J.: 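Here it is, the structure in full.
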Amino acid sequence: MHFRADNGRGAAAQTGSDESHNGAEANGMNADQKAPAEAAAAGAPAEPEEYFEAAVRGSVDELLDAGAHSDLDAMRHSAAHVMAESVLGIFPDAKLGIGPSIEDGFYYDFLLPRPLTPDDLAAIEAGMHASVKADHPFVRKEFEFADGRAFFAGRGQDFKVEILDDIAVRSKESGEALPPTSTFEHGTFVDLCKGPHVASTGKIGPFKLMTVAGAYWRGSEKRPMLQRIYGTVWPTQQELDAYIARREEAKKRDHRKLGVQLDLFSFHDVSPGSAFWHPKGQRLWRTLESAIREVQDRRGYQEVSTPMLVHKKLWEQSGHWANYQDNMFVLESEGQTFSLKPMNCPESTIIYKSRLRSYRDLPLRLSEFGRLHRNERSGTLSGLTRVRHFVQDDAHIYLRPDQLQEEIKALLGEVYEVYGWFGLDPKFTFGTRPDKALGDPALWETAETQIKAALDSLGKPYRIKPKDGAFYAPKIDIQIEDALGREWQTATIQVDLVMLPERFDCTYIDENGQAVRPMTIHRAIYGSLERFIGVLVEHFAGAFPVWCAPTQAVVIPIADRHIDGARELEALLKSHKLRVEVDGSDARMQNKIRLAQEQKIPYMLVLGDREIEARTVAVRHRSGEQENGVGWDAFAQRMAEETAARRP
RNA sequence: GCCGACAUAGCUCAGCGGUAGAGCAGCUGUUUCGUAAACAGCAGGUCCUCGGUUCAAAUCCGAGUGUCGGCUCCA
């Protein structure tokens with residue numbers, strides 16, 4: 001199974017206790033990821049899945065991998081060649097970067113004399129259509145290495161020459177002979193490429209160029225920025241249309257758009273990267289917060305709260321000052337240097353160390369809704385998913401090594417419990433010891449074994465990403481797929497062997513009266529509340545389940561004489577702690593319903609003469625479904641139960 | 001941070017050198033209505049900010065800020 005490493009559209013999730021993680025957007029690994037779930041459903045044993053190891057960014061391997069691992073990929077990669085042909089037709093001096101197949105399409109990078117315009121894209125598309133119509137065969141040719149290099153040098157294709165030179169260096173290092181240079185040509189266009197391709201340009205299906213974007217050569221900020229043209233291509237017109245439709249649907253679900261429409265939150269240039277939460281958004285927030293708080297109370301957490309403004313010396317001790325300073329908001333007061341906290345963990349240890357801890361106290365679970373600031377670079381900000389200010393449902397668990405496996409099992413159970421409220425199916429990725437790890441390798445091994453045992457006990461497949469752990473801790477990252485099949489990173493569970501225990505010299509007194517080192521776990525279930533809400537908005541397209549909808553029901557009096565009754569019903573529902581409003585405007589009932597539908601309010605409770613008389617209500621569901629003559633008390637009861645059950 | 005695009009009323013957008021427009025929302029009045037828009041009137045703008053070109057700038061140019069699409073980053 002092939003996992004594309006990263007198509008480069010990752011957006012960081014600010015989830016981890018100590019890290020930000022990538023949450024792939026639309027083009028993750030969706031199709032592939034359905035496989036394990038299906039396998040499990042079919043009763044297959046839950047074998048951990050080896051994760052595809054990504055080629056190092058900008059490496060020769062990556063540059064040479066055209067991404068053509070299937071027939072569809074081959075067609076997409078072929079479309080990239082045809083696009084490059086067309087671009088060369090318009091800009092003969094264009095220098096070609098690379099042009100692989102990617103999820104849903106392809107791209108090609110070019111160094112061009114001027115920025116591309118939408119008109120250019122149309123012209124390039126026209127050239128592509130001509131090439132497809134001409135049905136040029138794709139022909140593979142091999143040259144002696146030196147001849148191949150001379151060929152591309154002669155054409156001024158400096159980037160291709162650089163790739164070949166890197167191959168030469170690698171061959172020399174490994175003592176192997178220089179490989180032949182493989183090219184593919186169609187018509188007059190020749191590209192350094194190992195293929196595979198479709199038989200001829202005529203075999204390329206319906207396509208569309210989507211957008212132009214900047215992209216560094218070999219992914220390095222220090223190298224020139226090329227212009228990348230993204231395109232999409234499909235076997236049939238229907239599939240192309242479906243893809244475009246899917247994108248349209250995704251746009252409609254965009255949390256930034258729905259956030260304005262539903263009056264949940266807004267962003268303003270006076271505080272870029274920080275959301276302003278409107279009353280309705282704040283209601284949603286509070287509902288989520290109190291739900292997880294209830295879980296934490298039940299599962300033995302103790303909530304703490306620590307300062308946002310922290311002296312530099314704490315960050316020096318934790319290592320953030322050396323490693324994370326660029327991402328911290330630093331300020332001076334009376335000659336002292338402080339920073340807004342980007343993470344909660346160092347402060348958690350201060351509470352841990354505020355008194356002597358006994359082995360009987362462990363596991364000690366300190367939770368905190370930490371309000372964090374991270375100075376993300378301006379170009380990386382994006383809606384609620386990449387922000388500078390966010391709140392994490394964070395916790396740090398101090399435990400004895402023998403408690404590790406049970407604790408991780410409990411945490412995985414916690415993830416299932418919480419994600420079940422939203423109908424989300426969490427996927428686990430186990431990141432193991434990286435090359436640059438701190439701490440005793442034996443300790444790592446123990447921890448990894450325990451984590452693996454906990455994961456295996458789930459009886460569900462999970463992914464292993466070798467060497468993807470934090471430098472101080474193996475970790476389990478949790479991804480969820482939203483309703484459109486897009487994958488997001490949200491929760492994280494990190495077993496910290498080094499940073500908190502060692503750097504902060506945490507200890508507890510064991511049975512023998514000895515001070516020994518505890519292990520610690522950093523965990524966040526929602527991750528960043530901001531990001532989680534952004535994902536929820538898109539997952540539900542704004543139509544939140546009854547239990548967490550900002551407004552659960554709106555009472556709609558048909559005429560003014562029904563308003564008193566509406567207020568009465570409102571009061572009854574509010575006495576059950578339900579979030580209810582009355583639409584007392586003088587608009588017609590039809591208009592009130594329309595507005596409620598637009599706000600995606602789960603229940604519209606219509607009151608007219610008949611209902612007031614019988615103390616019943618006509619219940620219109622958001623779906624359009626209709627129930628007439630429902631008694632007030634019965635309905636209040638039902639809604640209260642539905643809310644308490646947190647059904648998705 | 002880098003490349004490109006965009007920024008006009010609360011929202012969605014039109015206008016693209018010659019005194020700023022529409023729909024929705026808002027306000028006022030009329031209407032009191034049975035499952036996705038009653039009718040009429042009124043009001044609403046440093047056309048993101050600063051600077052420049054011009055007789056004249058929302059419109060052209062430059063810088064800044066923000067947003068969007070990517071890249072990079074995400075100890």
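Chain naming here is simple, since letters A, B, ... match the order of the sequence lines and numbering starts at 1 in each. Everything quoted here is computed from the prediction, not taken from an experiment.
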J.: Considering Watson-Crick and G-U wobble pairs with both distances under 3.5 Å, what does B:U35 pair with?
T.: none

J.: Going by atom types alone, do A:T429 and A:R463 pair a side-chain donor with an acceptor below 3.5 Å?
T.: yes

J.: Is the cationic atom of A:R228 (NZ for Lys, CZ for Arg) positioned less than 6.0 Å from the six-membered ring centroid of A:Y107 and within 45 degrees of its normal?
T.: yes

J.: Select base, sugar-phosphate, or nothing to describe what A:Q325 touches, counting heavy atoms under 4.0 Å on all strands.
T.: nothing

J.: Could you tell me whether A:N327 contacts a base, only the sugar-phosphate backbone, or nothing, with contacts defined as non-hydrogen atoms closer than 4.0 Å?
T.: nothing

J.: Where the side chain of A:L381 is defined as all heavy atoms beyond and including C-beta, which of B:G69, B:A36, B:U67 is the nearest nucleotide?
T.: B:U67

J.: RNA chain B: A:A587 or A:E598, which has the more 5' nearest nucleotide?
T.: A:A587

J.: The side chain of A:I593 is closest to which nucleotide in this list: B:A37, B:A36, B:C73?
T.: B:A36

J.: Contact class for A:G219 (heavy atom, under 4.0 Å): base, sugar-phosphate, or nothing?
T.: sugar-phosphate

J.: Tell me the interatomic distance from A:Y108, atom OH, to B:C3, atom C1', rounded to whole angstroms.
T.: 20 Å

J.: Side chain of A:Y216: nearest nucleotide among B:C33, B:C2, B:G34?
T.: B:C2

J.: Return the nearest nucleotide to the side chain of A:R594; candidates are B:A37, B:U32, B:U67.
T.: B:A37

J.: What contact category does A:E627 fall into here, base, sugar-phosphate, or nothing, at under 4.0 angstrom with non-hydrogen atoms?
T.: nothing

J.: What's the CE-P distance between A:M225 and B:G69, to the nearest Å?
T.: 16 Å

J.: Tell which nucleotide pairs with B:G41, taking only Watson-Crick or G-U wobble pairs whose two distances are both under 3.5 angstrom.
T.: B:C27

J.: Go ahead and name the base partner of B:U65; Watson-Crick or wobble counts if both distances stay under 3.5 Å, otherwise write none.
T.: B:A7

J.: Identify whether any heavy atom of A:D560 sits under 4.0 Å from a base atom; if not, whether one sits that close to sugar-phosphate; answer base, sugar-phosphate or nothing.
T.: base

J.: Ignoring backbone atoms, test whether A:R386 places a side-chain nitrogen or oxygen under 4.0 Å from the OP1 or OP2 oxygen of B:C68.
T.: no

J.: Could you tell me the separation between the CH2 atom of A:W321 and the P atom of B:A75, rounded to a whole number of Å?
T.: 18 Å

J.: Does B:C33 have OP1 or OP2 under 4.0 Å away from a side-chain N or O of A:R561?
T.: yes

J.: With heavy atoms under 4.0 Å as the rule, sort A:A559 into base, sugar-phosphate or nothing.
T.: base

J.: Please determine, for the side chain of A:Q590, which listed nucleotide (B:A38, B:A75, B:G4) has the closest atom?
T.: B:A38

J.: May I ask you to say what A:G383 touches in the nucleic acid, namely base, sugar-phosphate or nothing, with a heavy-atom cut-off under 4.0 Å?
T.: sugar-phosphate

J.: Is the shortest side-chain N/O distance from A:R377 to OP1 or OP2 of B:C73 below 4.0 Å?
T.: no

J.: Would you indicate, yes or no, if B:C68 has its OP1 or OP2 atom less than 4.0 angstrom from a side-chain nitrogen or oxygen of A:R256?
T.: yes

J.: Mind checking if A:A618 touches a base, just sugar-phosphate, or nothing, with heavy atoms under 4.0 Å?
T.: base

J.: Check whether any side-chain nitrogen or oxygen of A:R218 sits under 4.0 Å from OP1 or OP2 of B:U72, and answer yes or no.
T.: no

J.: So if I take every side-chain heavy atom of A:P115 and compare against B:U35, B:G4, B:U32, which nucleotide ends up nearest?
T.: B:G4

J.: For A:V212 and for A:I558, find the nucleotide of RNA chain B with the closest heavy atom, then tell me which residue's nucleotide is more 5'.
T.: A:I558

J.: Identify the nucleotide, in any strand shown, that forms a Watson-Crick or G-U wobble pair with B:G21, with both distances under 3.5 Å; if there is none, say none.
T.: B:C13

J.: In whole angstrom, give me the gap between the C1' atoms of B:C55 and B:C50.
T.: 23 Å

J.: Can you tell which of B:A38, B:U67, B:U31 lies closest to the side chain of A:D586?
T.: B:U31

J.: Any idea which of B:G69, B:U72, B:A75 is nearest the A:T211 side chain?
T.: B:G69

J.: Looking for any heavy atom pair under 4.0 Å, which part of the strands does A:D269 touch: base, sugar-phosphate only, or nothing?
T.: sugar-phosphate

